[in-house]
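Positions are given from 1 along the sequence. What you are looking at is a predicted structure, and each value in this text was computed from that prediction instead of being measured.
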Amino acid sequence: MAEKLEMIYRVVEEKAGFKGRMRLVVKTGVPRSVASSMTDDPMIVEKFKTAASEILGHDINLLLGPR
């Protein structure tokens with residue numbers, strides 16, 4: 001299960017709402033339902049973090065807590 005991807009989706013939705021979540025889907029090409037069944041591959045996680053940071057306007061790592 002993709003715990004990191006789920007966490008990224010959760011943070012984006014909390015901070016940017018449904019529109020932010022939809023923007024994350026568009027930028028990554030991966031809907032939340034698919035992301036939850038994927039593995040937390042480092043390259044995919046980095047792609048999600050980059051997209052989420054662009055959507056939120058600041059580094060999402062600050063909101064994800066310790067790694």
Side-chain angles (χ1 to χ4, degrees):
M1 174 182 230
E3 293 177 23
K4 292 178 184 176
L5 298 180
E6 273 290 318
M7 188 181 307
I8 293 168
Y9 259 107
R10 189 169 36 254
V11 168
V12 168
E13 193 165 16
E14 284 176 10
K15 301 297 181 185
F18 182 76
K19 278 185 159 182
R21 183 174 134 188
M22 290 298 101
R23 288 184 63 206
L24 187 59
V25 172
V26 170
K27 285 183 172 286
T28 62
V30 181
R32 188 176 194 162
S33 59
V34 174
S36 65
S37 64
M38 296 172 70
T39 59
D40 277 331
D41 177 273
M43 289 178 64
I44 295 171
V45 171
E46 200 55 44
K47 177 181 178 177
F48 269 72
K49 285 182 177 180
T50 299
S53 295
E54 290 173 8
I55 292 165
L56 299 176
H58 58 277
D59 187 2
I60 192 168
N61 286 309
L62 302 172
L63 302 171
L64 295 177
R67 296 179 188 193

Test Val30 against Lys47 for side chain to side chain contact (heavy atoms under 4.5 Å, CB included), laying out the working first. CA-CA 11 Å; Val30 181; Lys47 177 181 178 177; 5.6 Å; no
Of all heavy-atom pairs linking Ile8 and Val45, the shortest is CD1-O, 4.1 Å
Enumerate, atom names and distances included, each donor-acceptor pair closer than 3.5 Å involving a side-chain atom of residues 10-25, sequence neighbours excluded.
from: Glu13; atom 1: OE1; to: Arg32; atom 2: NH1; distance (Å): 2.8
from: Glu13; atom 1: OE2; to: Arg21; atom 2: NH1; distance (Å): 3.3

Using 0.5 Å steps for rounding, measure from the OG1 atom of Thr28 to the NZ atom of Lys49. 15.0 Å
Ala35 versus Ala2, closest heavy-atom pair with distance: O-CB, 3.1 Å
Rounded to the nearest 0.5 Å, how far apart are CG of Asp59 and OG of Ser53? 4.5 Å
Would you call Leu63 and Leu56 a side-chain contact if the rule is heavy atoms closer than 4.5 Å? yes
So NZ of Lys27 and CD1 of Ile55: to nearest 0.5 Å the spacing works out to 6.0 Å
What heavy-atom pair brings Ser36 and Ser33 nearest, and what distance separates the two atoms? OG-O, 3.0 Å
Check each of Met7, Glu3, Glu6 against Asp40 using the side-chain contact (heavy atoms from CB on, under 4.5 Å) test, and report the only one that passes. Glu3
